[in-house]
2 protein chains.
Amino acid sequence: MTGRRAPRGRPRLPPEENATRERLLDTAQRLFAERGFSQVTLRELTAAAGTNLASVNYYFGSRDELLHALMRRAARAVHGKRTQLLEEAQRHHGTGKAQLRRILYALLEPAIVSEPGRRTDFLFGALLARAHADGRDELLDLLERQTTHLDPFAEALQRALPDLPREEIYWRLHFVLNLEHAVQTELKRLHYLSKGLCDIEDRRAIVDRIVEFALPGLLAPPAITDRPHRTAATRAS
Amino acid sequence: MTGRRAPRGRPRLPPEENATRERLLDTAQRLFAERGFSQVTLRELTAAAGTNLASVNYYFGSRDELLHALMRRAARAVHGKRTQLLEEAQRHHGTGKAQLRRILYALLEPAIVSEPGRRTDFLFGALLARAHADGRDELLDLLERQTTHLDPFAEALQRALPDLPREEIYWRLHFVLNLEHAVQTELKRLHYLSKGLCDIEDRRAIVDRIVEFALPGLLAPPAITDRPHRTAATRAS
DNA sequence: GTCTATAATATGATAGAC
DNA sequence: GTCTATCATATTATAGAC
């Protein structure tokens with residue numbers, strides 16, 4: 001009838017704004033981000049969402065399809081926010097370090113710090129990390145192909161750093177995006193290592209630190225690439 | 001009898017050097033790193049190792065204890081190698097950038113690039129990432145408390161960067177350690193983003209790039225920390 | 001649309017023969 | 001020490017009453 005591949009007896013009425021459906025997505029997003037995909041069963045999830053066990057299958061068809069829907073929704077939100085912040089940054093017509101800093105915040109904040117209202121957005125970074133380590137290769141491949149929203153960032157970086165070869169631009173963009181995980185991962189190790197000296201609770205402050213750490217690496221002149229690898233072995237000999 | 005908490009009928013004879021036991025560890029390490037803990041069943045694991053289904057329980061007591069033994073072994077190998085490389089670096093009595101570079105390689109290479117012989121070491125970074133996303137919180141807490149091998153690195157960085165407050169040393173060390181994941185994670189995104197321009201296969205070359213990217217951030221003067229957060233919102237207004 | 005009961009399946013663990 | 005057969009359990013998915 002509908003032309004969809006829905007098995008049978010799937011939701012008939014509203015497009016995306018069903019309360020139960022949204023509640024399932026929100027709850028799943030939080031639980032998956034907190035504990036990993038494999039650790040959350042349908043029973044826990046539906047209990048936490050205040051629905052019944054069958055609701056996930058009713059609305060999404062399967063646990064995996066819920067996961068996919070959730071990641072698509074989260075990715076869309078973060079990508080949209082990044083794009084919007086970059087456009088605002090571009091309007092400054094700034095140059096040099098100040099402009100680079102705006103680009104970095106546009107890139108990093110949306111996946112890390114939540115807006116008032118959209119309280120679950122900032123979990124996207126955590127979700128991505130989960131997807132990686134959970135071995136959801138099909139899902140990851142899907143997500144990692146969605147690079148179009150990053151193209152304007154590469155362009156913006158290239159404009160701010162005209163002397164850098166394009167390849168170098170991409171690598172540095174990759175490193176900056178990876179530093180995003182520094183807000184999610186191994187923070188406890190930092191806590192223990194610094195004997196409590198470092199405050200690991202204030203996410204905004206960590207974003208500030210990441211940006212200041214990354215800036216000099218972005219601004220550095222291109223590295224000489226056509227040299228033999230510097231390995232521990234060769235250096236030690 | 002033995003005083004161990006082994007349930008009953010556990011291996012009697014050699015301490016750590018049983019061929020089957022080691023084969024199980026090696027195979028599990030590879031499979032877990034490749035696909036995540038939750039994705040590998042005992043049946044797959046024992047089949048790949050060429051043993052029978054009961055062997056994991058015989059040698060380790062449970063699937064989880066195998067995982068713990070494996071992570072302990074991998075952590076010990078990587079931490080030992082790091083310590084050894086740092087000591088070699090210290091013997092140079094070098095200063096400035098060159099010495100910093102040696103410290104960075106000592107930190108990054110052991111978890112990323114395998115030595116001839118010890119072919120599974122380099123998977124430790126991947127294993128750590130899996131542990132994170134798989135929500136093995138007890139295991140992670142165990143691992144993240146093992147920071148003593150990093151103390152000499154903090155000292156070495158402090159000597160090379162005497163003007164940096166201790167807190168800043170720890171944060172930058174944290175960021176460098178996090179960049180390690182840039183060799184494991186989201187490399188395919190970089191591949192798609194750069195339309196194949198970036199070679200994501202050569203791990204040694206990526207370590208070189210990470211080191212050159214991180215160096216300027218390490219060398220930068222301490223950031224002014226007592227300022228209000230620079231958020232996208234405040235900057236846009 | 002919601003919910004209960006249950007089917008179908010896969011897993012970790014173990015007993016006991018060899 | 002190795003292996004097979006099996007248990008107990010937990011999971012996703014679904015049929016069908018309301």
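In what follows, chains are A, B, ... by sequence order, proteins preceding strands, each numbered from 1. The structure displayed is predicted, hence computed values, not measured ones.
- Taking atom CG on Leu53(A) and atom P on dC3(C), their separation rounds to 11 Å, with Å as the unit.
- Of the side-chain N and O atoms in Asn52(B), none sit less than 4.0 angstrom from OP1 or OP2 of dT2(D).
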- Message: Is there a salt bridge (charged side-chain N to carboxylate O under 4.0 Å, His left out) between Asp208(B) and Arg204(B)? Walk through the geometry before answering.
- Response: CA-CA 6 Å; Asp208(B) 292 344; Arg204(B) 286 205 126 88; over 6 Å; no

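- Rounded to a whole Å, the CD atom of Gln39(A) is 16 Å from the P atom of dT11(C).
- Taking the six-membered ring where tryptophan is involved, the planes of His149(A) and Phe153(A) are perpendicular, since the angle between them exceeds 60° and thus also 30°.
- Note: CD (Glu65(B)) to C1' (dA13(C)) measures 12 Å, nearest angstrom.
- Counting non-hydrogen atoms under 4.0 angstrom, Ser55(A) reaches nothing in the nucleic acid.
- Between His174(A) and Trp171(A), the ring-plane angle classifies as perpendicular under the 30° and 60° cut-offs.
- Side-chain N/O atoms of Thr20(B) include one lying less than 4.0 angstrom from OP1 or OP2 on dT2(D).
- What separates CG of Leu42(B) from C1' of dA5(D) is a distance of 16 Å, to the nearest Å.
- Rounded to a whole Å, the CZ atom of Phe37(B) is 18 Å from the P atom of dT11(C).
- Taking atom CZ of residue Arg63(A) and atom P of nucleotide dA10(D), one finds them 16 Å apart after rounding to whole Å.
- When each of Thr41(A) and Ala54(A) is assigned the nucleotide of DNA chain D bearing its nearest heavy atom, the one mapping closer to the 5' terminus is Thr41(A).
- For the pair Glu44(B) CD and dA10(C) C1', the interatomic distance rounds to 12 Å; values are reported in whole Å.
- No side-chain heavy atom of Leu157(A) sits less than 4.5 Å from a side-chain heavy atom of Tyr170(A).
- For Arg23(A) and dG1(C), the CZ to P distance is 14 Å, given to the nearest whole Å.
- Taking every side-chain heavy atom of Tyr59(B) into account, dG1(D) is the closest of dT11(C), dT14(C), dG1(D).
- Here the side chain of Tyr58(B) is nearest to one of dG1(D), dC3(D), dA13(C), namely dG1(D).
- Looking at every heavy atom in both residues, Gln29(A) comes nearest to Arg73(A) through OE1-NH2, 2.9 Å.
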